[in-house]
Amino acid sequence: MPDFMEIIKGRRSIRKYQEREITEEQLNKVLDAIRWSPSWANTQCWEVIVIKDPVVKQKIQEAMPEGNPSRKSIVEAPVVISLCAKLQSSGYKKGQATTKFGDWFMFDIGIASQSLCLTAHHLNLGTVIVGLFDHDKAKEALKVPEGYEVVTLIPLGYPSKESEAPPRREISEFVHYDSF
Ligand SMILES: Cc1cc2nc3c(=O)[nH]c(=O)nc-3n(C[C@H](O)[C@H](O)[C@H](O)COP(=O)(O)O)c2cc1C
């Protein structure tokens, strides 16, 4: 079993997928990783749409700009997971935002996305978090009701091509001690 840091460092955004299907067991494991993610006051604001239908994949692809490098991945991957969020839940108490940042749904969905991607990588599956698309168009295509938003689209499947890790800032470039 790989060391935990190997999983963290070895996960890459995968934009090319094999035609090979994934199993229901693999799918359930990545969904379980979302389930066990931390969230604001355990609000668990996520709603998840598992997309396998090529017609639906095509519709959400139409919500993506031509320049998005993951445009093909959406139709190529055997499964696309759409992470949606219930609004005014995370970061809210009695209907009121509790911090200056208001709704924390992006934060909670971000954590859940990373749980999903790391678990998929652990299972030798690839993912890419896709955020650049017309969210209203995707919302309509996925029949997401009012009060909820589509946040990300995450293709999931066996990688056919892995790219180099893009460079990272050095720890010394972003860590501050005692004050900024
Ligand atoms: C919030 C978020 C949105 C992203 N949106 C896109 C996207 O729309 N298209 C894409 O190809 N990659 C997208 N990515 C993937 C990033 O480009 C990628 O994580 C980054 O370049 C680092 O590469 P790595 O994931 O292989 O380490 C997104 C990543 C995050 C976290």
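Quick note: numbers below take in every heavy atom, side chains included, and nothing from hydrogens, waters or symmetry partners. Both counts, for ligands and for their atoms, begin at 1 and track the order of listing. On a predicted model such as this, the values are computed, not experimentally measured, just so you know.
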Quiz prompt | Donor-acceptor under 3.5 Å (Ser13 side chain, Val128 main chain) | solution =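 No, because the side chain of Ser13 does not come within donor-acceptor range (under 3.5 Å) of the backbone of Val128.
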Exercise. Test the Arg20-Tyr158 pair against the cation-pi criterion, namely NZ or CZ under 6.0 angstrom from the six-membered ring centroid and within 45° of the ring axis.
Key: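 Positive - Arg20 is close enough to the ring of Tyr158 and near enough to its axis.
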Quiz item: Is it true that Glu66 and Lys72 have a side-chain N and a carboxylate O under 4.0 angstrom from each other?
Solution: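 Lys72 and Glu66: not salt-bridged.
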Exercise. Report all protein residues having a heavy-atom distance below 4.0 Å to some atom of ligand 1; order the list by chain, then number.
Key: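 Heavy-atom contacts below 4.0 Å: Arg11, Arg12, Ser13, Arg15, Asn68, Pro69, Ser70, Val128, Ile129, Val130, Gly131, Leu132, Pro166, Arg168.
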Quiz item: Under 3.5 Å, is there a donor-acceptor pair linking the side chains of Ser89 and Trp104?
Solution: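 Side-chain D/A pair, Ser89 to Trp104: absent.
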Quiz item: Does CD belonging to Glu25 count more than 12 external heavy atoms closer than 6.0 Å?
Solution: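 Open.
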Quiz item: If you look only at pairs with a residue in residues 140-160, which of them pass as a salt bridge (charged side-chain N to carboxylate O under 4.0 Å, His left out), with sequence neighbours excluded?
Solution: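 Listed by first then second residue: Lys139-Glu146, Lys139-Glu149.
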